[in-house]
Amino acid sequence: MSEVSATPEIPQNNTIYINNINEKIKIEELKKSLNAVFTQFGKILEVLAFKTLKHKGQAWVVFEDVSSASNALRQMQGFPFYDKPMKIQYAKTKSDVIAKADGTFVPREKRKRHDDKGKKRKDQHDANLAGMGLNPAYSGGYGATPTIPYPGGAKSMVPEAPAPPNNILFIQNLPNESTPMMLQMLFLQYPGFKEVRMVETKPGIAFVEYGDEMQSTVAMQSLQGFKITPQNPMLITYAKK
DNA sequence: AGCACA
């Protein structure tokens with residue numbers, strides 16, 4: 001009898017293919033969440049997901065290194081993501097961003113002919129903040145290098161050492177005039193938000209609670225370094241348990 | 001279930 005495995009093995013790839021994803025999640029949020037959840041395994045070059053019928057519930061996460069993809073695949077296999085266990089495989093083919101870096105990229109024929117440069121991407125939450133005179137530090141680049149703009153005086157830390165995840169976030173370097181309402185405006189937009197707690201005796205810090213660690217992670221990734229004033233980039237970490 | 005390159 002053959003000893004070939006019954007489950008078809010796909011060779012390693014920089015890109016992981018994820019399915020069984022909760023289809024209720026909007027593409028924009030989904031990509032952000034995937035980025036947040038997988039960034040711990042290494043540099044992510046791209047997250048792709050589509051809302052077309054054929055591609056619902058699926059996504060591709062492209063890592064710079066194959067080893068990152070391997071670790072992600074193993075460690076996040078079955079991870080409860082929006083209440084559904086992720087199914088992760090290697091992608092069947094090389095992603096374009098990788099091929100381009102390789103020099104092996106060859107444009108495929110099914111490419112659209114017409115320019116689609118007319119589409120512009122909207123910034124996500126700037127509108128809410130304008131009235132308060134707040135200035136986002138980021139305009140929504142989840143693919144960006146997760147560099148944390150540490151406030152002056154913070155001890156230099158190795159960014160590769162992540163704190164243990166917690167559904168409660170610890171926010172530092174807030175301006176003294178920050179109010180719970182201001183913070184709520186920022187954090188409420190991410191799913192699972194529960195509450196903001198500020199410590200009266202210690203201005204400049206706050207705790208923000210989410211329903212679970214995944215949700216808090218998404219919010220943290222999105223608002224990391226957000227500037228309420230130009231000299232106050234938020235430093236967000238998981239709260240100690 | 002479904003493997004793309006918005």
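Both backbone and side-chain heavy atoms feed into the values below; hydrogens, waters and symmetry mates do not. Just so it is clear: chains get the letters A, B, ... in the order the sequence lines come, proteins before strands, and each one is counted from 1.
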Distance, rounded to the nearest Å, where A:K84 contributes NZ and B:dG2 contributes P: 14 Å
So, using side-chain hydrogen bond (donor to acceptor under 3.5 Å, both in side chains) as the criterion, who are the partners of A:N166 when residues are at least two apart? none
Donor-acceptor pair (no angle test) under 3.5 Å: A:S95 side chain, B:dA4 base: yes
Starting from P on B:dA4, measure out to CG on A:N14 and report it in whole angstrom. 17 Å
Between the main-chain N or O of A:K84 and the side-chain N or O of A:N22, is there a donor-acceptor pair closer than 3.5 Å? no
When rounded to whole Å, the CD to C1' distance for the pair A:Q89 and B:dA1 reads 12 Å
In whole Å, I'd like the distance from the CD atom of A:Q12 to the P atom of B:dC3. 21 Å
Find the distance A:F50:CZ to B:dA4:C1' and express it as a whole number of Å. 4 Å
Quick one: which of B:dC5, B:dA4, B:dG2 gets closest to the side chain of A:A91? B:dA4
Within the structure shown, what part of the strands sits under 4.0 Å from A:K94 by heavy-atom distance: base, sugar-phosphate, or nothing? base
Take atom CH2 of A:W60 and atom P of B:dG2, then tell me their distance rounded to the nearest Å. 12 Å
Using the test side-chain hydrogen bond (donor to acceptor under 3.5 Å, both in side chains), find all partners of A:Q172 that sit at least two apart in sequence or belong to another chain. none
So does A:A36 get a backbone contact from the side chain of A:T39, meaning a donor-acceptor N/O pair under 3.5 Å? no
Find which nucleotide of DNA chain B each of A:Y90 and A:A49 is nearest to by heavy atoms, and output the residue with the more 5' nucleotide. A:Y90
Whole Å only: how far is the OH atom of A:Y17 from the C1' atom of B:dC5? 14 Å
In whole angstroms, how far is the C1' atom of B:dG2 from the CG atom of A:N19? 8 Å
Using a cut-off of strictly less than 4.0 Å, decide whether A:K54 has a side-chain nitrogen or oxygen near OP1 or OP2 of B:dC3. no
